Amino acid sequence: MSFAEENYLKVLYQLSYERVDRKDAGTSELALILKVKPASVNDMLKKLKEKKYVDNKKYGKISLTKKGKEVAINVLRKHRLWETFLYEKLDFNWAEVHDVAEQLEHIQSKKLVKKLDKFLSFPRFDPHGDPIPNEKGEIVKTNRVLLSSIKKGDFFRVVGVKDLSSDFLQYIDDLKIRINSEIILEDIQEFDKTRLLYFNENKVRISKEVSDCIFVLPL
């Protein structure tokens with residue numbers, strides 16, 4: 001498969017299976033995420049359908065076939081293993097690893113990926129808190145929710161992020177919000193839904209937009 005084909009399948013999987021608001025993807029949504037024109041999306045989907053990686057549903061929605069899902073999970077596995085390697089072994093920060101892993105995820109050597117997994121002691125989650133599929137394609141199920149759904153006074157642990165852009169990751173890094181940070185939601189402003197967080201004897205305010213991009217586990 002081409003790198004572009006793998007990227008399409010990976011994004012389709014994330015939209016349909018991993019997002020909190022998961023749903024069948026449409027052409028316009030794929031074009032927006034992949035930063036291409038809708039016509040290009042249609043051309044690629046036609047190719048993927050001919051190869052039996054995707055299927056079309058009613059109203060223009062696209063779904064992965066079993067074959068397409070297997071490819072997508074394998075690409076995600078490689079991506080997240082490489083992110084973990086870069087973060088843990090080469091001292092990349094979590095804002096840097098995504099873009100580099102986008103290149104490394106297309107390596108085809110099964111032996112290399114298997115050895116990488118073993119070298120990292122079979123990690124279950126990547127630096128952003130996303131689950132890493134194992135060799136069989138099995139993925140750890142989590143009960144994570146968005147911080148924006150947490151109520152005033154609740155105690156929670158940060159377990160992942162929805163936005164992997166370097167700007168967002170650098171922003172929350174500056175706030176000292178990390179994976180496994182344990183936080184109390186001290187207050188929610190009624191006017192604009194700004195959240196006041198308390199952790200490590202510090203208080204931090206974040207917008208509703210930011211709270212929509214942080215996954216947490218209530219404690």
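What you see is a predicted model; the values in this text were computed from it and never measured.
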Could you check if a side-chain atom of [X] sits within less than 4.5 angstrom of a side-chain atom of [Y], using non-hydrogen atoms only?
X      : Y      : value
Ile179 : Trp94  : yes
Asn202 : Leu197 : no
Phe85  : Phe119 : yes
Lys110 : Lys114 : no
Arg178 : Val158 : no
Leu120 : Lys89  : yes
Ile183 : Leu147 : no
Met1   : Val71  : yes

**Item:** Heavy atoms from other residues, nucleotides or ligands near CZ of Phe168 exceed 12 (cutoff 6.0 Å)
**Value:** yes

**Request:** Taking atom CG of Asp192 as the centre, report whether more than 12 heavy atoms of other residues, nucleotides or ligands fall under 6.0 Å from it.
**Result:** yes

**Message:** Can a donor-acceptor pair be found, under 3.5 Å and without considering hydrogens, that links the side chain of Ser40 to the backbone of Val36?
**Reply:** no

**Request:** I would like to know whether Leu12 and Tyr53 meet side-chain contact (heavy atoms from CB on, under 4.5 Å); could you show each step before the answer?
**Result:** CA-CA 11 Å; Leu12 277 167; Tyr53 289 113; over 6 Å; no

Salt bridge or not between [X] and [Y]? Use side-chain N to carboxylate O under 4.0 Å.
X      : Y      : answer
Arg195 : Asp187 : no
Arg77  : Glu135 : no
Arg144 : Asp130 : yes

**Complete:** Partner of Glu102 under salt bridge (Lys or Arg N to Asp or Glu O under 4.0 Å), picked from Arg80, Lys78, Lys10, is Lys10

**Message:** Applying side-chain contact (heavy atoms from CB on, under 4.5 Å) to Val145 and Ile150, what does each step give before you reach the verdict?
**Reply:** CA-CA 8 Å; Val145 298; Ile150 296 296; 4.2 Å; yes

**Prompt:** Of all residues at least two apart in sequence or in a different chain, which pass the side chain to side chain donor-acceptor pair (under 3.5 Å) check with Gln170?
**Reply:** Asp174

**Complete:** Across all chains, not counting sequence neighbours, the side chain to side chain donor-acceptor pair (under 3.5 Å) partners of Asp99 are none

Between [atom1] on residue [X] and [atom2] on residue [Y], distance to nearest 0.5 Å:
X      : Y      : atom1 : atom2 : answer
Ile132 : Ile139 : CD1   : CD1   : 10.5 Å
Met44  : Ser2   : CE    : OG    : 5.0 Å
Gln108 : Leu112 : CD    : CG    : 11.0 Å
Gln14  : Leu9   : CD    : CG    : 11.5 Å
Cys213 : Leu146 : SG    : CG    : 8.0 Å
Phe155 : Tyr198 : CZ    : OH    : 11.0 Å

Co-membership, hydrophobic cluster, residues [X] and [Y], 4.5 Å side-chain:
X      : Y      : result
Leu196 : Leu175 : no
Leu90  : Leu81  : yes
Phe215 : Ile184 : no
Val97  : Leu116 : yes
Ile33  : Val75  : yes

**Message:** Can you classify the ring geometry of Tyr17 versus Tyr13 as parallel (below 30°), tilted (30 to 60°) or perpendicular (above 60°)?
**Reply:** parallel

**Message:** Classify the ring geometry of His128 against His98: parallel below 30°, tilted from 30° to 60°, perpendicular beyond 60°.
**Reply:** perpendicular

**Message:** As a quick check of understanding, evaluate side-chain contact (heavy atoms from CB on, under 4.5 Å) for Val11 and Leu34, giving each step before the final call.
**Reply:** CA-CA 8 Å; Val11 171; Leu34 293 165; 3.7 Å; yes

**Request:** Please lay out, stage by stage, how Ser165 and Asp163 fare under the test side-chain hydrogen bond (donor to acceptor under 3.5 Å, both in side chains).
**Result:** CA-CA 6 Å; Ser165 68; Asp163 187 342; 2.8 Å; yes

**Complete:** Applied to residues 202-219, the salt bridge (charged side-chain N to carboxylate O under 4.0 Å, His left out) test, sequence neighbours excluded, yields Glu186-Lys203, Lys208-Asp212

**Fill in**
Residues pairing under salt bridge (charged side-chain N to carboxylate O under 4.0 Å, His left out) where one sits in residues 32-53, two or more places apart or in two chains, turn out to be Glu5-Lys51

**Request:** Kindly determine whether Phe156 and Leu217 satisfy side-chain contact (heavy atoms from CB on, under 4.5 Å), including the steps that lead there.
**Result:** CA-CA 5 Å; Phe156 60 88; Leu217 188 67; over 6 Å; no

**Request:** Among Ile, Leu, Val, Met, Phe, Trp and Tyr joined by side-chain contacts under 4.5 Å, find the other residues sharing a cluster with Phe125 and list them by chain and number.
**Result:** Val140

**Item:** side-chain hydrogen bond (donor to acceptor under 3.5 Å, both in side chains): pairs with one or both residues in residues 118-127, sequence neighbours excluded
**Value:** none

**Message:** Among Val216, Asn200, Leu219, which residue satisfies the side chain to side chain contact (heavy atoms under 4.5 Å, CB included) criterion with Glu182?
**Reply:** Leu219

**Request:** For Leu104 and Trp82, work out which heavy atoms get closest and say how close.
**Result:** O-NE1, 3.4 Å

**Item:** Considering all heavy atoms, the nearest Ser166-Ala95 contact
**Value:** CB-O, 3.6 Å

